[in-house]
Amino acid sequence: MLKNGLSGESQKPLPIPALLGDQDPSPNKAEFFLTAQQSTKEFIEGKMTPTYGYNGDFLGPVIRVKRGNDVTVHVENKLQEQTTVHWHGLEVDGEFDGGPHTAINEGDIWSPNFKIDQPAATLWFHPHLLHETGEQVYKGLAGLFYIEDDVSEKLPLPNEYGVNDIPLIIQDRKFTSDGEMNYDLGMHDVMMGLQGTAILVNGAINPFLEVPKGKVRLRILNGSNARVYNFHLSTQDDFWQIASDGGLLEKPVQLNNVVLGAAERAEIIVDFSEYDQGDTLFLNEENNNLLEFRINGEENNFDIPNQLTDIERISPDSATNTRKFVFQGMGLMVNINGKQMDIDRIDEKLLKNTTEIWEVSNDSGMGMMGMDGGGMAHPFHAHGVQFQILDRNGQEPPENERGWKDTFLVYPNETVRAIATFDHEGIFMYHCHILEHEDAGMMGQFQVN
Ligand code: C2O
Ligand code: CU
Ligand code: CU
């Protein structure tokens, strides 16, 4: 078993990112301060790795807000280069979205302000500088953004942060013998996106987590640049997925494994009540142990509710337009609809408050199966909006994809139809969330007004 590619690392407790304090005392407002900075971190014993982080050495704190809040975030750039902060999954106007148009110069502060008007969800934030997203995220710039609402707060779900409600940011990295995480792309990385040899959970290799003998909620973000994971428990036990990218599913979905492409999230509930105190098991992906669970602590007794929320289905009849997006090409030639990203070109124009069907297909593997980069899945993502997946190659999507989605995998020779209502105005990106593909140009711009 590849022990995360690095044998002999002693186990450390899973780092739990801090919850970022709200500096605004008024009840319906929230104000946060984030600083993008350079640092170092000891991932491997005795080796200091140069890193980037928000308010710390690697990754960032969790920003938690409530639906209805008026939120301001002050983002200070203390890096030696430009950056941006994009709120992935957040439904806000383009000027606050943090895409490539809102670069923050060295030493500057950017203070977007927005109202939270979408259901409880586990979102995230990361840089989005043109052609530089992959490298900045790789060095450590990413954090979680939680939305709670009256529905999520009333449900009897584990919600004690860091105790039975655990953030898990999964990322793969390659370390040199000096412990550096150099962002050097080999040919294979250019084709497939960067693939690491070690898998970090919240920035730690081979961590362990003490869990109560009961139900635990794991909020999993695939924060990797490119890799697709197939998560399961080492016991092969079932678990329940309760939320997808954009919020709660209507009903918990019982599963044995869950696949997440880059940038996708899943909230799952694992039941540890059948284990004895002191027992251990792992969260795995394929044959890799990512995180060891040690049963130790109070018993809890949550019953997973049968009904989580109501999701009003957007009727395909309400769509005024169907747009087609085709992933094509390989390596540095990756593109959408035959075009590579051009910051001076708007690719798609939409009218505000209209509903559209986006039909995304993947022709990138045509005739090249078996070659590197041929026949690979690309995760499609669009900013400022949450979709409902209508179908995959004409078939109803799996039950855990029947909630809100801002990112979805499109497999070779597959067509995914998704529907959304575009309520926010401005310029937004759509792209493949394999960051090396995005940076190479597998991205376009849509304007809503
Ligand atoms: Cu995760 Cu264009 O974003
Ligand atoms: Cu995004
Ligand atoms: Cu791609």
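Values reported hereafter were calculated over all heavy atoms of this structure, with side chains retained and with hydrogens, waters and symmetry mates removed. All residue numbers refer to positions in the sequence shown, counting from 1. As the structure lists them, so they are numbered: ligands from 1, and atoms in each ligand from 1.
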is_close_aromatic(Phe43, Phe58), centroid dist under 6.0 Å:
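Yes, close enough.
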Number of protein N/O/S atoms that sit closer than 2.8 Å to atom 2 (Cu) of ligand 1
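N, O or S atoms of the protein closer than 2.8 Å: 3.
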[X] and [Y] ion-paired at < 4.0 Å:
X      : Y      : value
Arg417 : Asp391 : yes
Glu399 : Lys251 : no
Asp189 : Lys174 : yes

Evaluate whether atom CD1 of Ile346 has more than 12 neighbouring non-hydrogen atoms of other residues, nucleotides or ligands under 6.0 angstrom away.
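Yes - once you tally the heavy atoms of other residues, nucleotides and ligands closer than 6.0 Å, there are more than 12.
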His381 and His86 aromatic ring geometry - parallel, tilted or perpendicular at 30°/60° bounds:
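Correct class here is tilted.
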Report the residue from Met341, His437, His378, His383 that forms a side-chain contact (heavy atoms from CB on, under 4.5 Å) with His431.
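Of the listed residues Met341, His437, His378, His383, the side-chain contact (heavy atoms from CB on, under 4.5 Å) partner of His431 is His383.
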With ring-ring contact (aromatic ring centres under 6.0 Å, His included) as the rule and sequence neighbours excluded, what pairs involving residues 335-358 come up?
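Output for this query lists Phe325-Trp358, Trp358-Phe387, Trp358-Phe422, Trp358-Phe446.
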Quick one: ring-ring contact (aromatic ring centres under 6.0 Å, His included) pairs with a partner in residues 132-151, sequence neighbours left out?
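ring-ring contact (aromatic ring centres under 6.0 Å, His included) check on residues 132-151 returns Trp87-Phe145, Tyr138-Tyr183.
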Quick check for you: within a radius under 2.8 Å, how many protein N, O or S atoms neighbour the Cu ion (ligand 2)?
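Step by step: take the Cu ion (ligand 2), keep protein N, O, S below 2.8 Å, and you get 2.
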